[in-house]
S.K.: 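What follows is a structure written as structure tokens; I'll ask about it next.
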Amino acid sequence: MIGLSHYLILSVILFLIGMAGVMTRKNLLMLLFSTEIMLNAVNLGFVAISKFHHDLSGQMFSFFIIAIAASEVAVGLGLLIALYKRTGSLDLDSIAKMNG
Amino acid sequence: MEILLVIALFAPLVAAVFAALFAMTEKKLFVGVINSILIGLSWFASMILLYYVSIDRPVSFTLFDWIATGHLDLKFGFLVDQISAVMMVVVTTVSALVHVYSIGYMEHDKSFNRFFSYLSAFVFSMMVLVMSDNFLGLFIGWEGVGLCSYLLVGFWYHKPDVPRSVNPSISPSWAANEAFIVNRVADLGMLLGIFLIYWQLGTLTYSEVFANIATLDANITTWIAILLFIGAMGKSAQFPLHTWLADAMEGPTPVSALIHAATMVTAGVYLLVRSNEIYMLTPDVGFFIAALGAFVAMFAASMALVNNDVKRVIAYSTLSQLGYMFVAAGLGAYWVALFHLMTHAFFKALLFLGAGNVMHAMDDELNIKKMGGLYKVMKPTAIMMAVASVALAGIYPLAGFFSKDKILEVAFGDGYMIIWLVLLITAGLTAFYSFRVVMLVFFGEERYKNRELTSPNGNHFHPHEMPIYVLIAMSPLMILAVISGFFEHAYHEFVSEVLPMNMPHLESGTLYALIAITLATSLSGIALAVYKYSRGGFNPRWENNFFYKLFSNQYYIPNIYNAVFIQGFGGLSRFAWRVIDQKIIDLLVDVVARIVMFTGRGMQSHHTGNLSQMLRLMGLGLVVMVLMAVLLLQIGQGA
Amino acid sequence: MFELVAFYLFAFLTIGSFVTTVKTRQPLYALTSLAAGMIFISAFFFMLDADFMGVVQIVVYTGAVLALYAFGMMFFDSSSLIKEKQRPASTVFILGTMIALVIVSMLVAPIAADHFQGAYPPIEGEGNVENIGYILFTKYLVPFELAAVMLLTAMIAGIVLASKHMNLKESE
């Protein structure tokens, strides 16, 4: 039977996929995609715990996470567009303005 | 009656605030006039209160609840009983006259308005001091008069510092600081005494404290008595905290008359009289006070003998007379102490104001060796100062006789022969130095003519008498200096309700013999002074005498204090600055700064601005945080 | 049995889509596979009786968020591929392994303890949407309103950021 730990392990795997994406990719757009994956992984974990522990708070949390993700996309894409207009590139390594 | 009490208390405050409004502007005559009128109003209210208290009962008045926390429930309360009433009348009388006098004395000073503001503020503080019905209110007034004294001594703060050999007080601001700091030392003692009272009795109101003081352990009572007396020692400039009083003569002369002769310095005596119920329980402390008082009387008189500064002579004389008061208070004759306080206030204020006239005439010259023959040009002042000196010397029938003689009588009657003898000799010395001043200033050759004949502005120098209203302002003091002794009987009855009246009983023959001895001593002192100084004074060779040097250098005590306390403290401060501050604290700060700098330099290479590198670092941070969370969870479960 | 099959099927599909998202060099592929992964995730939500969340997942994520990405991508020249410099895989690998270990341990530890009680259990006999409605508009009303404000703010921020100097390039 499928238990909570199945879901949690799946969630962790998805999270790590997202994290690996964040770590390896250079394209800023890909970084945003990877972030979405991580957020989804967390959502899955929350909903699973909510189900197995009979607490709707988990679903509420993932609900708010989706709201946050939507906001993040709006702002993040806006920033990406602004950056692209300025530099003509989305390469993470090309942004070294903060070099001290 | 309460309204009179409020008027007596707050009229000076109104005056102070009113004058403060004009403090920064040029001289305005009406400020002086209005302030004098307000102080006069306070005097008038005090007189009515005195009369009311004498025929009826003490007046008490609670302004508002002051401190109500925990067990401490303190009202801002005022009490006019016999002691307060006497003090109020003395304070307001002298204050009102000094205010009027100051209009004339300060007429050329550009800080005229500021002066009146301070002076009225002083009167207010003094009224709080004497009218409060609890120790904390007294302390507020105590600090208030200290502050006003500081402001007034340093009134001419712009004068530069000069070496001690030129002017023993160095400068007004130096003298003001000295007065303030010495009084802080004493006030700490007083504050501790007040704390001790509160700690032991849980109250600070006089009536409750005195009602319960007898229930305390004898040791505690002794400590309270000692600590309160330390406060009194500072304010009344008793040895070893006496140095500030002579230096405080740097202030304007009306200030010296009001604060450093008539009122503030007697606050210590007032404290003792007010706390008589405490001191009656501690006869040992009382004896110590009396012994110290006798010592100070003699000690100060010896310095007055040789000093050439007219104000300093009078200041030492004040010190000496305070010694007399402490003898009386220490021996339990509180009413005599208070009586001497009253008579002394009148004739000493008169003496100071006379000295002010002389200074005014002589262009602020203070050295009596450079005066002489002034009788010709300022007859009224000369007469007033002579009267005041006679009163100070204690010649019948002037005021000083009655009170000083009583003190000697107490000392003799209680069997303290040494104290009596010391006081007797001091009485002779007092007479001598008083008349030395009078003779040198007003009689003899006109030595002032020897100095440069032109004053700085080129005019020919000629002494002149003060305006007539100034002399009129002084005349009530002269009258009081003459007649206040005759109030002894009325006064005796008046205060007998609140103060113990135990006088040693002496045979009338002994009594008259005592009076005769005292009078003879004083008269011989006067005679010696008159005889010697009418013939040109003592041989100058005496000035090389060891005692002369000792006295004129104030027993080298200022030098000792300078060497021990001032230099010592300076050395300590330098140590703290050079070693503790620069070596240790600065080092610690530098170490913090260096750590930040070095770590910053070390981390510089990581700061490439590469975002993916930052992301990796962020990931590392996340790992660390998660690890810590897991660890904490394990610890939490283990617990 | 059905659940078991469904779980593993969807787990496989989700992981596959997301790995594709992360590994592909074409942003368009990445976007498409991400959308697919999102829909597979919503399948888990339905399996977990969280119908409302499943619908929200499809509508908001797949419908709104990914559509936004799609529009956003139109601003970029997606044909100019960014060179993915391959750095030594060992650092990433070590880091990833550590993270994996830690997260697994973190997740397993409290679940094994099985300590906590549900604070807001679903009401029996009511559907998931009704339950969500009750709790959202009672206990979580203030966060809900705040989330609304946040979304509004983000919308304005997005518009402002993206539209700034929108016509500059044409005029230049």
Side-chain angles (χ1 to χ4, degrees), chain A residues 1-2 4-10 12-21 23-27 29-30 32-34 36-37 40 43-44 47-48 50-51 53-57 59-60 62-64 66-75 77-82 84-85 89-91 93, chain C residues 3-4 7 11 14-15 18-19 21-22 27 30 34 37-38 41 44-45 48-50 53 56-57 60-61 64-65 68-69 72-73 75-76 82 84-85 92 95-96 99-100 103-104 107-108 111 116 118-122 131-132 135-136 140 143 147 150-151 154-155 157-158 161-162 164-165:
Chain A
M1 203 51 209
I2 304 298
L4 177 58
S5 42
H6 287 80
Y7 281 102
L8 287 180
I9 288 164
L10 176 64
V12 169
I13 291 169
L14 293 181
F15 187 87
L16 288 175
I17 291 170
M19 189 140 205
M23 295 267 163
T24 53
R25 298 307 297 254
K26 295 287 168 194
N27 191 332
L29 200 58
M30 286 304 174
L32 279 184
F33 289 171
S34 306
E36 298 298 334
I37 294 172
N40 266 292
N43 272 353
L44 182 61
V47 174
S50 165
K51 155 88 176 167
H53 285 277
H54 302 288
D55 190 339
L56 284 173
S57 295
Q59 295 191 27
M60 292 330 302
S62 57
F63 179 78
F64 289 121
I66 290 175
I68 288 167
S71 317
E72 174 240 320
V73 169
V75 178
L77 263 180
L79 284 169
L80 278 194
I81 291 167
Y84 186 73
K85 274 188 200 154
S89 161
L90 286 178
D91 191 345
D93 286 342
Chain C
E3 205 186 353
L4 195 72
F7 178 83
T14 315
I15 291 171
F18 282 164
V19 167
T21 308
V22 169
L34 184 64
M38 297 287 188
I41 291 266
F44 289 114
F45 289 171
L48 288 165
D49 296 335
M53 286 310 300
V56 168
Q57 173 81 10
V60 176
Y61 257 120
V65 173
L68 196 58
Y69 274 123
M73 277 173 69
F75 283 90
F76 311 124
I82 289 162
E84 303 277 354
K85 278 178 289 182
V92 177
L95 208 58
I99 292 169
I103 290 177
V104 169
L107 287 175
V108 171
I111 305 304
F116 48 82
Y120 304 113
N131 272 323
I132 293 277
I135 194 163
L136 188 60
Y140 287 92
M150 182 185 71
L151 281 167
M155 185 177 84
L161 281 170
K164 224 176 189 178
H165 311 302

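Since the model is a prediction, treat every value here as computed from it, not as a measurement. Lettering follows sequence order; numbering is per chain, from 1.
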S.K.: Where on L14(A) is there a heavy atom nearer than 4.5 Å to chain C: the side chain, the backbone, both, or neither?
M.R.: side chain
S.K.: If you look at every heavy atom in M60(A) and I132(C), which pair is closest and at what distance?
M.R.: SD-CD1, 4.3 Å
S.K.: Looking at T21(C) and M30(A), what are the two nearest heavy atoms and their distance?
M.R.: O-SD, 3.9 Å
S.K.: Between S57(A), A69(A), A82(A), which has the largest tally of heavy atom pairs under 4.5 Å with chain C?
M.R.: S57(A)
S.K.: Nearest 0.5 Å, what's the CG-CD1 distance between L10(A) and I15(C)?
M.R.: 5.5 Å
S.K.: Which atoms of A147(C) are under 4.5 Å from chain A, going by heavy atoms: the side chain, the backbone, both sets, or neither?
M.R.: side chain
S.K.: Where does L56(A) contact chain C at under 4.5 Å (heavy atoms): side chain, backbone, both or neither?
M.R.: both
S.K.: So which residue, I135(C), D49(C), N131(C), L68(C), ends up with the most heavy-atom pairs under 4.5 Å with chain A?
M.R.: L68(C)
S.K.: Out of I13(A), I68(A), L32(A), return the one with the most heavy atom pairs under 4.5 angstrom to chain C.
M.R.: L32(A)
S.K.: Roughly how far apart are L34(C) CG and N40(A) CG, rounded to 0.5 Å?
M.R.: 7.5 Å
S.K.: Counting heavy-atom pairs under 4.5 Å with chain A, which one of V19(C), T14(C), L151(C) comes out on top?
M.R.: L151(C)
S.K.: Grab the two heavy atoms, one from Q59(A) and one from M53(C), that are nearest each other, plus how far apart they are.
M.R.: O-SD, 3.6 Å
S.K.: Checking heavy atoms, do the side chain of V60(C), its backbone, both or neither come under 4.5 Å from chain A?
M.R.: side chain
S.K.: I'd like to know which of G21(A), A67(A), S71(A), S34(A) tops the heavy-atom pair count under 4.5 Å against chain C.
M.R.: S71(A)
S.K.: Between G37(C), A64(C), P143(C), which has the largest tally of heavy atom pairs under 4.5 Å with chain A?
M.R.: P143(C)
S.K.: Could you tell me if the side chain of I41(C) sits less than 4.5 Å from the side chain of N43(A), heavy atoms only?
M.R.: no
S.K.: Would you call the rings of F7(C) and Y7(A) parallel, tilted or perpendicular, taking 30° and 60° as the class edges?
M.R.: perpendicular
S.K.: Between A157(C) and V75(A), which heavy-atom pair has the shortest distance, and what is it?
M.R.: CB-CG2, 4.0 Å
S.K.: Say you draw a straight line from CD of E36(A) to CZ of F18(C); how long is it, rounded to the nearest 0.5 Å?
M.R.: 9.5 Å
S.K.: Atom CZ of F64(A) and atom OH of Y140(C): how far apart are they, to the nearest 0.5 Å?
M.R.: 7.5 Å
S.K.: Before giving the answer on side chain to side chain contact (heavy atoms under 4.5 Å, CB included), spell out for F45(C) and L44(A) the whole-Å C-alpha distance, their side-chain angles and the decisive distance to 0.1 Å.
M.R.: CA-CA 7 Å; F45(C) 289 171; L44(A) 182 61; 4.0 Å; yes
S.K.: Could you pull out the closest heavy-atom pair between N27(A) and P27(C), with the gap in Å?
M.R.: ND2-CG, 4.2 Å
S.K.: Which heavy atom of V47(A) sits nearest to which heavy atom of A50(C), and what is that distance?
M.R.: CG1-CB, 3.6 Å
